[in-house]
Amino acid sequence: MALHLGSVALLVRDYDEALAYYVGVLGFRLLEDTDLGQGKRWVRIAPPGAETGLLLAQAKGDVQEKAIGNQSGGRVFLFLHTPDFWADYARLKARGVQFLEEPRLESYGHVAVFADLYGNRWDLLESSAAL
């Protein structure tokens with residue numbers, strides 16, 4: 001088996017609030033939601049068909065709580081690839097996703113930056129290899 005990135009931890013304020021957004025709005029799949037006791041859960045989500053997903057980590061303490069929505073220092077943090085940029089852009093926009101800019105065509109493909117419910121910046125991206 002080749003090495004691969006299994007999950008990326010994403011700090012969230014509340015598990016259920018995060019699930020409502022990532023599953024209900026973005027359309028991710030819930031892969032696992034296991035109660036670990038003492039208010040902790042092991043919650044993994046992923047876009048449909050993706051091998052790599054997000055591990056939702058409820059922030060604990062001041063340092064982690066201050067990092068919610070800013071895990072990358074304000075840069076684009078996550079890249080959501082799509083085979084059909086315009087269809088997914090329209091679907092996400094209709095579901096209330098906050099796009100921070102108009103879509104643009106770059107040398108690497110169609111892209112638009114959006115913010116999730118915590119303010120993390122994402123690229124919605126259709127690679128130029130797919131165009």
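For clarity, every value in this text was computed on a predicted model and none was experimentally measured. The first residue in the sequence is number 1, and the count goes up from there.
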Under 3.5 Å, is there a donor-acceptor pair linking the side chains of [X] and [Y]?
{"X": "Y89", "Y": "D84", "value": "no"}
{"X": "E17", "Y": "Y118", "value": "yes"}
{"X": "H4", "Y": "E51", "value": "yes"}

I'd like to know if R104 pairs up with E106 as an ion pair, taking the criterion as any Lys NZ or Arg NE/NH1/NH2 lying under 4.0 Å from an Asp or Glu carboxylate oxygen. yes

Between K93 and D88, does at least one N-O distance fall below 4.0 Å, as a salt bridge requires? no

Using side-chain contact (heavy atoms from CB on, under 4.5 Å), reason through V97 and L26 one step at a time and then give a plain yes or no. CA-CA 8 Å; V97 171; L26 292 186; 3.8 Å; yes

Using modelled atom types and a 3.5 Å cut-off, is there a donor and acceptor pairing between side-chain atoms of [X] and backbone atoms of [Y]?
{"X": "R121", "Y": "R75", "value": "no"}
{"X": "T52", "Y": "L5", "value": "yes"}
{"X": "Y15", "Y": "R41", "value": "yes"}

Above 12 or not: heavy atoms from other molecules or residues under 6.0 Å from NZ of K60? yes

Counting only heavy atoms not in W86, do more than 12 sit closer than 6.0 Å to its CH2 atom? yes

Cluster question for you: counting only ILVMFWY and a side-chain heavy-atom cut-off of under 4.5 Å, with indirect links fine, are [X] and [Y] together?
{"X": "V111", "Y": "F99", "value": "no"}
{"X": "L100", "Y": "F79", "value": "yes"}
{"X": "L54", "Y": "L117", "value": "yes"}

Hey, could you give me the CG/CD1 distance between L31 and I45, rounded to the nearest 0.5 Å? 8.0 Å

Could you pull out the closest heavy-atom pair between A18 and V12, with the gap in Å? CB-CG1, 3.7 Å

Quick one: sort the F114 and W122 rings into parallel, tilted or perpendicular, breaks at 30° and 60°. parallel

Does L80 reach the side chain of P47, with side-chain heavy atoms less than 4.5 Å apart? yes

Minimum side-chain heavy-atom gap L10-L55 below 4.5 Å: no

